[in-house]
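It should be emphasised that the depicted structure is a prediction, and the values quoted were computed from it without experimental measurement. Basis for what follows: all heavy atoms, side chains included, without hydrogens, waters or symmetry-related copies.
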Amino acid sequence: MQIINPATEELITEIQEDTKESVTIKFQQLKAAQDSWQEIPLKSRIDSLKNFSGLLEENKEELAGILTSEVGKPLQQSRNEINGARTRIEWLADNAVKYLSDEYMTNENELKEKISYEPLGIICNISAWNYPYLVGVNVFVPALLGGNAVMYKPSEHATLTGLQIATLLKRAGVPENIFHVAIGGGEIGKLLLELDFDGYFFTGSYETGKFIYEKCAQKMVPVQCELGGKDPLYVADDVSDIRSVAVATADGAFYNNGQSCCAVERIYVHEKIYDEYIERFTEEVSSWKLGLPTEEGIYLGPLARKEQLDILTKQIDDAVQKGASVLTGGHEADRNGYYFQPTVLVNVTHEMSVMKDESFGPVIGIMKVKNDEEAVERMQDTEYGLTASVYSNEQERAEKILRRINAGSGYWNCCDRVSAALPWSGRKHSGFGATLSHAGLRAFVKPKAWHLKG
Ligand code: NAD
């Protein structure tokens with residue numbers, strides 16, 4: 001398998017993909033070793049994961065360089081991702097005792113009732129490339145804390161990072177054969193679906209998630225899917241500082257080149273402030289530097305995948321043909337590598353693909369709305385349900401709107417953010433199940449009810 005640098009289109013290295021035989025052997029090794037990991041006291045598992053977090057910090061510059069070389073995100077954003085992953089690991093490790101220890105529900109002389117939390121067993125984690133540390137950590141950290149063994153399949157676009165994760169987990173004290181990496185693309189992912197894992201945890205596109213869910217249904221084991229989004233954001237007419245709202249929301253749409261599951265993908269603006277917002281927003285987008293992700297001060301590197309350049313071009317062509325106007329950008333950048341100009345579209349409608357289908361790139365459609373009611377209608381008009389955001393001076397107004405949106409996360413005066421303390425979950429085509437928070441720690445264990453008399 002060739003690993004290509006998306007910024008230069010140069011070959012970084014070639015790696016041997018797994019085969020049916022090699023993933024089967026890794027699976028059997030996980031199965032043979034899992035019991036011993038489960039038997040280790042929770043405290044020791046917590047220590048190993050905390051060591052892992054420490055190693056991420058110690059090796060941050062090298063790891064950030066590797067991540068940038070294979071996915072193309074600016075070096076500072078790679079560092080930010082590793083810092084963010086550490087925050088999540090710390091929260092999960094610090095809360096593991098609270099949520100994974102036995103709980104006494106009744107504790108009387110003759111009757112004790114308790115719940116214990118047993119590991120699911122061998123977890124299959126098929127993952128995405130856009131934030132390999134963050135979305136990986138969401139799954140394999142609580143899975144390991146809960147006493148499971150893990151087969152981690154990084155995306156074929158983030159293989160080098162996946163291998164680094166395995167090396168550091170071992171150095172951190174996770175024993176041999178408790179964490180394996182399956183190397184390869186969709187075909188290797190499919191092979192994993194043939195094996196008898198005790199739970200499948202997928203992060204990626206709706207199409208692949210649906211395929212995996214259908215394929216695994218017959219296994220009768222837990223399946224979780226964290227999928228894509230078409231996340232809406234509404235700017236109400238009472239915001240006091242339109243410029244700072246424009247700057248913050250532009251970042252929410254374009255950070256990591258818009259390749260975030262919770263990137264802002266559609267913006268609705270109250271008609272009273274629309275003109276000024278558009279002016280400020282476009283000003284901000286035009287001020288960003290696009291270039292080699294290894295250079296300081298670059299906000300936009302290349303996209304991670306070449307195929308996405310065509311998808312974005314088609315979305316923009318479709319929008320323009322149906323009446324949209326391009327305020328800035330609109331096409332690939334004229335240079336080597338998978339670069340696309342940040343693009344702002346106005347006069348958009350919901351007949352256009354750019355307002356319906358996930359763009360997963362530096363393209364945003366902005367639409368004028370008359371009032372909150374129209375904003376809610378537009379925001380709800382989607383097959384997805386990951387996040388939704390409202391900017392307003394009034395919390396009550398924002399919450400009233402967000403309560404009516406069928407999405408897993410609601411943001412008031414912020415967007416494109418994830419907290420380790422809160423459940424991360426999608427609805428509709430954005431998936432189901434939750435990672436992070438107490439719900440995410442408990443997603444990798446099964447409760448056992450104990451009725452103890454005597
Ligand atoms: P993808 O669906 O193309 O691939 C995801 C993983 O699935 C990869 O490891 C891939 O090799 C594997 N795969 C592909 N086909 C498979 C098959 N038939 N059987 C088994 N495995 C298969 O997605 P991607 O391009 O890596 O990621 C981008 C998508 O992920 C976007 O839609 C994004 O919104 C979503 N995402 C969601 C979240 C979330 O938390 N909700 C987080 C990150 C990314």
In short, L345 meets A319 closest at the heavy-atom pair CD1-CB, 4.2 Å
When rounded to the nearest 0.5 angstrom, what distance separates CG in L144 from CZ in F179? 7.0 Å
Is any side-chain heavy atom of E399 closer than 4.5 Å to one of Q395? yes
Any donor-acceptor pair under 3.5 Å linking the side chain of S127 with the backbone of P154? no
All heavy atoms of T24 vs all of K20, minimum pair found to be OG1-O, 2.6 Å
Any side-chain donor paired with an acceptor under 3.5 Å for T435 and Q224? no
Is the shortest side-chain N to carboxylate O distance from K190 to E194 below 4.0 Å? no
After noting the C-alpha distance and the side-chain angles of Q321 and D317, does the key distance pass the side-chain hydrogen bond (donor to acceptor under 3.5 Å, both in side chains) rule? CA-CA 6 Å; Q321 206 196 344; D317 288 350; over 6 Å; no
Less than 3.5 Å apart, any donor N or O on the side chain of Y299 or D251 sitting next to an acceptor on the other? yes
Tell me if a side-chain donor or acceptor on E187 pairs with a main-chain N or O of G184 at a distance below 3.5 Å. no
Only one of E373, Q380, E377 forms a side-chain hydrogen bond (donor to acceptor under 3.5 Å, both in side chains) with R404, so which one is it? E373
Checking Q308 side chain against S359 main chain: does a donor-acceptor pair fall under 3.5 Å? yes
For the pair N125 (side chain) and M151 (backbone), establish whether a donor and an acceptor sit closer than 3.5 Å, ignoring hydrogens and angles. no
Scanning both residues in full, the closest heavy-atom pair of I188 with V23 reads CG2-CG1, 4.3 Å
Would you say the side-chain atoms of D318 pair up with the backbone N or O of S353, donor to acceptor, closer than 3.5 Å? yes
At what distance, to the nearest 0.5 angstrom, does OG1 of T13 lie from CD of Q2? 9.5 Å
Do Y391 and C415 come within less than 4.5 Å of each other through their side chains, counting heavy atoms only? yes
Test item: side-chain donor near acceptor, T313 and E332, under 3.5 Å: no
Considering only heavy atoms from C-beta outward, does the side chain of I364 approach that of T343 to under 4.5 Å? no
Do N5 and S69 get their side chains close enough for a donor-acceptor pair, meaning under 3.5 Å? no
Taking all atoms of both residues into account, what is the closest heavy-atom pair of G189 and I126, and its distance? O-CD1, 4.0 Å
Are W288 and Y255 an aromatic pair by the rule of ring centers under 6.0 Å? no
Taking the six-membered ring for Trp and the single ring otherwise, decide whether the centroids of F444 and F201 are under 6.0 Å apart. yes
Show the numbers, then the answer: is there a side-chain hydrogen bond (donor to acceptor under 3.5 Å, both in side chains) between H180 and Q29? CA-CA 9 Å; H180 271 313; Q29 289 173 335; 2.9 Å; yes
Sidechain-backbone polar pair: S260 side chain, C262 backbone, donor-acceptor under 3.5 Å: no
Would you indicate whether the side-chain heavy atoms of L191 and T19 approach each other to under 4.5 Å? no
Ring centres under 6.0 angstrom apart (Y213, F432): yes
Show your working on side chain to side chain contact (heavy atoms under 4.5 Å, CB included) between L303 and L309 and close with a plain yes or no. CA-CA 8 Å; L303 300 183; L309 298 171; 3.8 Å; yes
What pair of heavy atoms forms the shortest contact from M367 to T349, and how long is it? CE-CA, 4.2 Å
Tell me whether the count of non-hydrogen atoms from other residues, nucleotides or ligands lying under 6.0 Å of CD in E383 goes above 12. no
Does any part of the side chain of V174, heavy atoms only, come nearer than 4.5 Å to the side chain of F52, both counted from C-beta? no
Once the angle between the rings of H350 and Y268 is folded into 0 to 90°, is it parallel (under 30°), tilted (30 to 60°) or perpendicular (over 60°)? tilted
As an exercise, state the distance from CG of L55 to CD1 of I165, rounded to the nearest 0.5 Å. 12.5 Å
Donor-acceptor pair, distance only, cut-off 3.5 Å: does the side chain of N148 make one with the backbone of G121? yes
Heavy-atom closest pair (D198 atom, L120 atom, distance to 0.1 Å) is CB-O, 3.2 Å
Using 30° and 60° as the class boundaries, would you call the ring planes of F27 and F197 parallel, tilted or perpendicular? perpendicular
Do the charged groups of K230 and E358 touch, with an N to O distance under 4.0 Å? no
Going by atom types alone, do S78 and T68 pair a side-chain donor with an acceptor below 3.5 Å? yes
Check step by step if side chain to side chain contact (heavy atoms under 4.5 Å, CB included) holds for T382 and K356. CA-CA 7 Å; T382 176; K356 286 191 303 202; over 6 Å; no
May I ask you to check whether over 12 heavy atoms, not counting those of E307, lie within 6.0 Å of atom CD? yes
Distance-only, no hydrogens or angles: does the E9 side chain make a donor-acceptor pair with backbone N or O of G337 under 3.5 Å? yes
Parallel, tilted or perpendicular: which fits the ring planes of F281 and F254, with parallel below 30° and perpendicular above 60°? tilted
We want to know whether K368 and N347 form a side-chain donor-acceptor pair, criterion being a heavy-atom distance below 3.5 angstrom. no
Roughly how far apart are M355 CE and Q315 CD, rounded to 0.5 Å? 11.0 Å
For Q38 and Q34, test the side chains for any donor-to-acceptor distance below 3.5 angstrom and give the result as yes or no. yes
Could you check I178 against V150 for side chain to side chain contact (heavy atoms under 4.5 Å, CB included), going step by step and ending with a plain yes or no? CA-CA 6 Å; I178 293 300; V150 178; over 6 Å; no
Inter-residue atom distance D231.CG - D416.CG, 0.5 Å rounding: 8.5 Å
For the atom pair CD1 (I4) and OH (Y338), what is the distance rounded to the nearest 0.5 Å? 6.0 Å
Does the structure place the NZ or CZ of K73 under 6.0 Å from the centre of the six-membered ring of Y131, at an angle of no more than 45° from the ring's axis? yes
For the pair E226 (side chain) and G431 (backbone), establish whether a donor and an acceptor sit closer than 3.5 Å, ignoring hydrogens and angles. no
Taking 4.0 angstrom as the limit, do K26 and D18 come out as a salt bridge? yes
K153 side chain near V181 side chain, heavy-atom distance below 4.5 Å: no
Hydrogens and angles aside, do Y234 and D372 bring a side-chain donor and acceptor to less than 3.5 Å of each other? yes
Between L441 and H438, does the side chain to side chain contact (heavy atoms under 4.5 Å, CB included) criterion hold? Intermediate values first, please. CA-CA 5 Å; L441 275 164; H438 63 285; 5.6 Å; no
How about K322: does its NZ atom have over 12 heavy atoms from other parts shown lying under 6.0 Å from it? yes
Modelled atom types, side-chain donor and acceptor of R86 and S53, under 3.5 Å: yes
Taking R427 for its side chain and L386 for its backbone only, find out whether a donor-acceptor pair lies under 3.5 Å. no
Can you spot which of K446, K448, E103 makes a side-chain hydrogen bond (donor to acceptor under 3.5 Å, both in side chains) with Y117? E103
